[in-house]
Amino acid sequence: MAQIVEVKVPDIGDFKDVPIIELLVKVGDQVKAEDSLMTLESDKATMDIPCPVSGVVTELKVQVGDKVAEGVLLALVSVGAGAAAAVVAAQPAAAAATAPQPPAATPAPVVSAPAASVAGADFRPGDTELVPAQPRISMPGPADRLPGRTAHASPSVRRFARDLGVDVGKVSGTGPKGRILQSDVQAWVKGIVSGAATPATAAPSGGGLDLLPWPKIDFAKFGTIEVQPLSRIKKISGANLSRNWAMIPAVTYHEDADITELEAFRLQVNKENEKSGDKSAAKLTMLAFLIKACVKAMQKYPEFNASIDGDNLVLKKYFHIGFAADTPNGLMVPVIKNADTKGVFELARESGELAKQAREGKLKPGDMQGACFTISSVGGIGGTYFAPIVNAPEVAILGVSKSAMKPVWDGKAFVPRLTLPLSLTADHRVIDGALATRFNVYLAQLLGDMRRSML
Ligand code: CAO
């Protein structure tokens, strides 16, 4: 017997009153699990709402222009017995579905598919269609946001255009606010085929980045290859990194911190805790001290805790610190909230837990939002120095490489000191070189003697 599944807005983080900009299905349409039902667009991201089950759309509860938030009912989907069982298996909370089957004449039972309760499932390796759906968030790609190329299109239209090899940046949109619709992409392709339009080959106007198209090469001509799809995280972070790299005039400043005493102290405290058998004490990490020191330096130099908003600089009074975590699916940046109120043990424990959740694909959208500044530490792996990319809308990021014993001149002789390489990349529109260097020098002083953080 068919059952009716309610599709609601899943956990979309802090987004509220998000307008529906496109309905991708109509009543009567047959949909497969994971098919996109509609697209929402906030100021920052476009989100496709995937259908949690396979079935037939029996009712749409919203229309284009409606503003929605987490939990709002979007559509009803009628599913066959097999699909309904799948929903129940994935979502024990939907107890109604396990109730004895009513007689055929009674209305189909309504099963809620609250994707929100499984936040982060979107990033879980080995996703299956039984995992309640998460919104597919697509950040503006570089081609859409570079000067002179503003393209508004939903992920489904982008996908459609990509399949046809069409650069959406070249298509004019006829939808609301110039949004590019599927029909616009089709019309553009028809224009090319009929010769009515030509791909943009105009001479550079001097305003935007008139880049060459991406090289299309048949690598198989040169040898054996294997093609692997990029992970979702890589696709999302790739688009963000490209935009940030292309749009932020960033400069990287290097500094060495003498952490001889700090590292000795860290090891000593960890040893003491181990000896005492105190299982409640977290293992102190260098990352925890780095977070502490960065917060102190941001308090001294508030431009580092800022974001550009048009012609304004927004100065934040809270201290949320993101840190890059290397996961099997790609780079993720969990955020430690109110780091200024936490001690090093708490920072070590929380960063360890967040990193673990990132690796297991269990971070919720809220765990990755609101960062003021990011630390990217590859020191556990190696490296000397590197130039990290600013994580917009933040204005600076600290790269940390592997500490090493180096001979340092103390005025009389070379002495061995444990040296930590720091690489600070800063947005030059907000932070000039002198300020960045002052920040770095102060940070190195703090790490050299953490007693300074009490001053
Ligand atoms: N120099 C020398 N050794 C270091 C170090 C440094 N700067 N930082 C960490 N280490 C050591 C640690 O002390 C630890 O050794 P012990 O086990 O003997 O104590 C070991 O390296 C492993 O540390 P770790 O990297 O697992 O833990 P962490 O708390 O230092 O870092 C995290 C946590 C999440 C930052 C890290 O695991 C990670 O994912 N780093 C990669 C981040 C990344 O990919 N950045 C690039 C982004 S841009 O593409």
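Whatever order the structure lists them in is the order used to number ligands and atoms, beginning at 1.
- By the 3.5 Å distance cut-off applied to N or O atoms, K402 is not counted among the residues near ligand 1.
- The local environment of NZ in K234 is sparse, with at most 12 non-hydrogen atoms from other residues, nucleotides or ligands closer than 6.0 Å.
- A348 does not count as a contact of ligand 1, since none of its heavy atoms falls under 4.0 Å from the ligand.
- Within a 4.0 Å radius of atom 18 (O) of ligand 1, the protein contributes no heavy atom.
- Among pairs with a residue in residues 296-310, those fulfilling side-chain hydrogen bond (donor to acceptor under 3.5 Å, both in side chains) read S307-K316, at least two apart in sequence or across chains.
- When the options R266, E263, R359, K283 are ranked by their closest heavy atom to atom 13 (O) of ligand 1, first place goes to R266.
- Distances from atom 29 (O) of ligand 1 to the heavy atoms of I375, T285, T327 show the closest one on T285.
- Heavy atoms of other residues, nucleotides or ligands lying less than 6.0 angstrom from OH of Y385 number more than 12.
- Within the 4.0 Å cut-off (strictly below), no protein heavy atom is located near atom 27 (O) of ligand 1.
- Nearest heavy-atom pair across T327 and M332 is CG2-CG, 3.9 Å.
- Closest protein heavy atom to atom 2 (C) of ligand 1: S403 OG, 3.2 Å.
- Side-chain contact, E272 with Q268: a donor N or O sits under 3.5 Å from an acceptor N or O.
- Atoms of ligand 1 lying under 4.0 Å from any heavy atom of L420, numbered from 1 in the order shown and given with element: 7 (N).
- The nearest protein heavy atom to atom 15 (O) of ligand 1 is not closer than 4.0 Å.
- Salt-bridge check for R429 with D427: passed, with a basic side-chain N closer than 4.0 Å to an acidic carboxylate O.
- Distances from atom 47 (C) of ligand 1 to the protein include at least one heavy-atom value under 4.0 Å.
- Atom 6 (C) of ligand 1 is flagged as protein-proximal [any protein heavy atom, distance under 4.0 Å].
- With S401, S377, A355, A387 as candidates, the residue nearest to atom 42 (C) of ligand 1 on a non-hydrogen basis is S377.
- R266 pairs by the side chain to side chain donor-acceptor pair (under 3.5 Å) definition with E263, not counting sequence neighbours.
- When A358, G380, A324 are ranked by how near their heavy atoms come to atom 25 (O) of ligand 1, first place goes to G380.
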